[in-house]
Amino acid sequence: MSDTPDSAVRTYTEQHRAAFLDDLAEWLRIPSVSAQPEHDGDVRRSAGWLSAKLAETGFPVTEIWETPGAPAVFAEWPSEDPGAPVVLVYGHHDVQPAAREDGWSTDPFEPVIRDGRMYGRGAADDKGQVFFHTLGVRAHLAATGRTTPAVHLKLLIEGEEESGSPHFRALAEERAARLAADVVIVSDTGMWDENTPTVCTGMRGLAECEIELNGPDQDIHSGSFGGAVPNPATVLARLVAALHDPEGRVAVPGFYDGVTELTEAERALFAELPFDEDTWLRTAGSYATAGEAGYSTLERVWARPTAEVNGIGGGYQGAGSKTVIPSSALVKLSFRLVAGQDPERIQEAVRSWAEARIPAGIRHRITFSPATRPCLTPLDHPALQAVARAMGRAFGTKILFTREGGSGPAADLQDVLGAPVLFLGISVPSDGWHGPDEKVELGLLLKGVETTAHLWGELADALR
């Protein structure tokens with residue numbers, strides 16, 4: 001275990017709390033909305049602000065990396081210890097659009113503190129969770145008497161995550177030598193809830209496609225031609241109906257090839273979480289659970305691959321009837337992928353499966369969007385255990401483990417750098433990411449500071 005005195009870390013954090021929160025509020029006032037062109041200058045201003053603040057923190061190297069879109073920020077602080085492991089922290093400085101009329105109680109870009117919470121766009125996603133690293137590394141140095149971190153510390157904070165990270169993969173590939181690391185820490189995630197600190201061990205990948213079917217050159221009379229020519233809407237309905245078998249498994253041949261199965265140990269850890277299915281259903285606005293047989297709800301969401309119909313249409317949609325055979329039909333599908341699945345192979349499998357079911361007389365177009373790879377770190381990985389120990393020291397309680405059902409650019413770093421990805425976040429579901437009145441719990445934010453103060457020593461010990 002690192003020799004960082006826990007009390008010294010906590011004392012340093014409290015002593016610098018006010019200045020830390022003032023700085024964070026200043027950053028939150030910059031409306032770095034990457035999705036809106038009118039805020040391009042603000043996204044660039046946000047990158048400049050962060051670069052300057054990291055230099056003020058003590059990072060000897062801070063750079064703004066240009067992309068065809070919004071700039072990213074890179075910082076580096078080498079360790080004086082020979083052979084110190086290299087750690088790369090990932091986050092983002094862009095935020096979702098926000099306006100008072102969306103339902104905010106106050107101006108989304110004028111942060112306020114109420115009842116132990118800071119409200120403002122980006123408070124949790126992701127500026128607050130990026131910024132706790134600045135005070136955390138200073139607390140680490142102060143408590144240990146070091147002049148450099150116990151690890152060779154790098155930060156990469158991108159500016160387009162809320163716009164789908166369109167240039168992130170290319171940036172990572174172009175700068176792979178500068179980004180090389182033994183482990184990646186992603187601080188764009190959260191915990192189970194306010195009372196249950198957790199570490200996420202992986203995210204699912206994503207493959208998306210659009211299937212367009214065309215039959216007659218125009219809508220035609222169903223009395224004159226019905227039953228005698230192929231109907232693209234009917235073909236599409238059969239295609240969608242064939243997507244799953246009666247047990248809820250995806251029926252595309254080869255879909256499950258290579259899937260990393262859940263271990264009994266991980267299933268037991270999932271079962272320890274205080275999960276209430278009725279509450280979960282109310283949050284979803286759904287009236288029943290469904291999915292692959294033999295798995296719990298959490299296992300389905302976190303650790304099993306899925307296929308979903310995101311949108312479907314074709315033919316007449318207006319009031320009353322219009323007896324036609326439509327000329328076209330369209331479906332949008334998404335496939336969440338888990339460790340062991342290759343997005344390119346999944347795309348090939350889905351294309352082959354669909355084309356085999358499209359009859360003569362139906363022209364088709366199958367288009368795939370850029371895919372995101374899944375990532376997973378085994379429970380027994382020493383770096384993951386180091387994160388759990390550091391978090392346990394900060395929170396003073398047992399740390400449980402989760403996975404993330406969604407997808408993100410973290411897997412690109414794992415793929416390009418060949419390094420395991422670990423997740424460290426203190427946000428909770430009530431923080432309201434992407435919604436009105438986004439906030440961060442100040443007590444949890446400071447626990448994030450303490451966690452990172454302990455983490456660099458823990459990782460240095462674990463990875464030597």
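Relative orientation of the Trp65 and Phe74 rings is parallel, given thresholds of 30° and 60° on the angle between their planes. Classified by interplanar angle (parallel below 30°, tilted 30° to 60°, perpendicular above 60°), the ring pair Trp27/Trp49 is parallel. Ring geometry for Phe335 versus Phe255: interplanar angle of 30 to 60°, hence tilted.
Of the possible donor and acceptor atoms, none in the side chain of Glu438 sits under 3.5 Å from a partner among the backbone N and O of Tyr119.
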*asked:* Please determine whether side chain to side chain contact (heavy atoms under 4.5 Å, CB included) holds for the pair Phe20 and Leu446, giving the CA-CA distance in whole Å, both sets of side-chain angles, and the decisive distance to 0.1 Å.
replied: CA-CA 10 Å; Phe20 168 74; Leu446 296 177; 4.2 Å; yes
*Using the salt bridge (charged side-chain N to carboxylate O under 4.0 Å, His left out) rule, take Arg204 and Glu404 through it: C-alpha gap first, then chi angles, then the decisive distance, then the call.*
CA-CA 7 Å; Arg204 293 194 292 188; Glu404 173 58 57; over 6 Å; no
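Checked options Leu445, Ile426, Val440; the residue passing with Gln129 is Ile426 (criterion: side chain to side chain contact (heavy atoms under 4.5 Å, CB included)). A salt bridge (charged side-chain N to carboxylate O under 4.0 Å, His left out) with Glu299 is found for one member of Arg304, Arg267, Arg403 and no other, namely Arg267.
When only modelled atom types and interatomic distance are considered, Glu277 and Thr297 share a side-chain donor-acceptor pair under 3.5 Å. If you check the side chains of Asp94 and His39, you find no donor sitting under 3.5 Å from an acceptor.
Across every non-hydrogen atom of Gly448 and Phe132, the tightest pair is O-CD1, 3.6 Å. Among all heavy-atom pairs drawn from Glu208 and Ser334, the shortest one is CG-CB, 4.2 Å.
Gln15 CD: more than 12 foreign heavy atoms inside a 6.0 Å radius. Heavy-atom contacts from other residues, nucleotides or ligands closer than 6.0 Å to CZ of Arg345 number 12 or fewer.
We find the CG-CG distance between Leu171 and Leu156 to be 6.0 Å, quoted to the nearest 0.5 Å. Between the CZ atom in Arg121 and the CD atom in Glu162 there is a gap of 8.0 Å [rounded to 0.5 Å].
Taking 4.5 Å as the limit, some side-chain heavy atom of Val73 sits within range of a side-chain heavy atom of Leu54.
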